[in-house]
Amino acid sequence: MSNKKRQARWVWVVSGPSGSGKTTLCEALLKDSCLKREVVKSVSYTTRGLRPGERAGRDYVPISEKDFLALDKSGALLESEKIFGFYYGTPKRAVLNAQKKEKDVLLCVDVKGARSIRRIFSHHTASVFILPPNLGALGARLKKRSTENKKDIEKRLRRVKIELSYMKDYDYVVVNDSFTDALNKLKAILTAKKCERTHVLHSARKPH
Ligand code: 5GP
């Protein structure tokens with residue numbers, strides 16, 4: 001078996017408060033010429049309507065609440081959470097398909113979803129928490145992107161404290177004060193993690 005085949009696949013989990021820039025960082029990460037061959041993004045189901053600029057199937061799969069609950073009941077979701085009044089869930093097949101294609105999968109999920117994913121994939125999960133440089137920056141970023149109304153922005157800001165209390169569970173924390181630096185750190189984390197001795201040796205004994 002080639003070395004490439006022997007590499008186990010990682011489940012990458014990226015979380016962070018609304019406005020931390022995690023989505024933009026993940027998008028940029030997937031454009032990296034090396035990583036894009038190795039990593040695929042899971043596209044979540046959500047009952048939240050698409051924002052301007054978001055595309056169905058690329059950013060989210062929009063779905064009615066009734067269909068979401070039916071999907072969840074059928075066991076098609078790896079995890080699901082209700083956040084800001086909407087349901088979000090990771091499709092099981094996104095991870096299974098990635099593993100079949102021998103690729104890593106990147107999940108951009110909230111802190112509770114991340115906890116569920118860690119429980120399922122244990123040592124194959126690596127998690128990164130994206131931290132804004134300061135909490136003041138969050139409100140400013142949310143207002144600047146103007147995708148939420150005032151009430152929704154307040155809801156998102158109120159949740160930040162809860163999200164920060166989960167930061168201790170993450171393997172890495174990246175402060176997004178400079179986008180380029182944060183992206184380079186994220187790329188470095190993925191690259192180093194893929195070369196971890198225990199991971200490579202474990203994968204060699206138990207090929208996927
Ligand atoms: P937004 O509405 O800003 O796109 O996402 C709201 C929150 O839901 C973010 O923290 C985002 O990471 C999270 N999220 C997106 N997809 C999923 C998912 O499939 N599962 C969970 N648990 N959270 C998700």
Side-chain angles (χ1 to χ4, degrees), residues 11-30 40-65 67-69 71-72 74-98 105-121 125 127-132 135 137-167 169-170 172-174 176 182 186:
V11 178
W12 298 102
V13 177
V14 176
S15 309
S18 263
S20 60
K22 60 183 183 301
T23 311
T24 320
L25 278 170
C26 286
E27 279 166 8
L29 189 71
L30 292 169
V40 288
K41 183 180 175 280
S42 157
V43 181
S44 298
Y45 287 104
T46 184
T47 58
R48 161 169 88 59
L50 291 178
R51 294 182 186 131
E54 284 184 338
R55 214 165 66 206
R58 183 193 65 183
D59 301 294
Y60 279 111
V61 178
I63 186 172
S64 70
E65 191 162 315
D67 289 348
F68 187 97
L69 295 174
L71 260 186
D72 204 9
S74 75
L77 302 179
L78 266 181
E79 61 75 36
S80 68
E81 293 294 335
K82 195 170 191 184
I83 309 159
F84 310 126
F86 300 110
Y87 287 101
Y88 295 81
T90 304
K92 211 177 256 178
R93 63 171 160 68
V95 180
L96 295 179
N97 286 348
V105 64
L106 176 70
L107 310 179
C108 203
V109 297
D110 86 309
V111 288
K112 290 186 182 163
R115 192 181 51 186
S116 306
I117 296 294
R118 269 188 222 102
R119 281 192 190 134
I120 301 168
F121 296 102
T125 310
S127 56
V128 186
F129 194 90
I130 308 294
L131 202 58
L135 295 186
L138 276 187
R141 281 185 194 175
L142 287 175
K143 276 178 204 144
K144 196 172 160 207
R145 78 180 187 192
S146 11
T147 48
E148 279 87 12
N149 60 36
K150 207 171 158 221
K151 222 169 115 199
D152 286 336
I153 291 178
E154 278 163 11
K155 229 193 259 177
R156 283 169 184 261
L157 290 175
R158 272 201 302 275
R159 199 183 143 89
V160 173
K161 245 191 180 164
I162 302 173
E163 287 169 332
L164 291 178
S165 71
Y166 283 78
M167 193 166 69
D169 300 334
Y170 285 72
Y172 300 93
V173 175
V174 169
N176 188 10
L186 209 48

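For this chain, numbers begin at 1 and follow the sequence in order. Both counts, for ligands and for their atoms, begin at 1 and track the order of listing. Basis for what follows: all heavy atoms, side chains included, without hydrogens, waters or symmetry-related copies.
- Under the 4.5 Å side-chain criterion, counting only non-hydrogen atoms from C-beta, F129 is in contact with V111.
- At a threshold of 4.0 Å, the pair R51-E54 counts as salt-bridged, since one of the basic side-chain nitrogens sits closer than that to a carboxylate oxygen.
- With 3.5 Å as the limit, one finds no donor-acceptor pair spanning the side chains of N176 and S20.
- The side chain to side chain contact (heavy atoms under 4.5 Å, CB included) search around A56 returns L50, P62, not counting sequence neighbours.
- Remark: Y45 engages no residue in a ring pair (Phe, Tyr, Trp, His ring centres under 6.0 Å) (not counting sequence neighbours).
- Using a 4.0 Å heavy-atom criterion, the residues that approach ligand 1 are K22, S44, R48, R51, Y60, E79, E81, I83, F84, Y88, G89, T90, C108, V109, D110, G113, R156.
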Solution key, residues 81-91 side-chain donor-acceptor pairs under 3.5 Å, sequence neighbours excluded:
{"unit_1": "Y88", "atom_1": "OH", "unit_2": "R48", "atom_2": "NE", "d": "3.3"}
{"unit_1": "T90", "atom_1": "OG1", "unit_2": "E79", "atom_2": "OE2", "d": "2.5"}

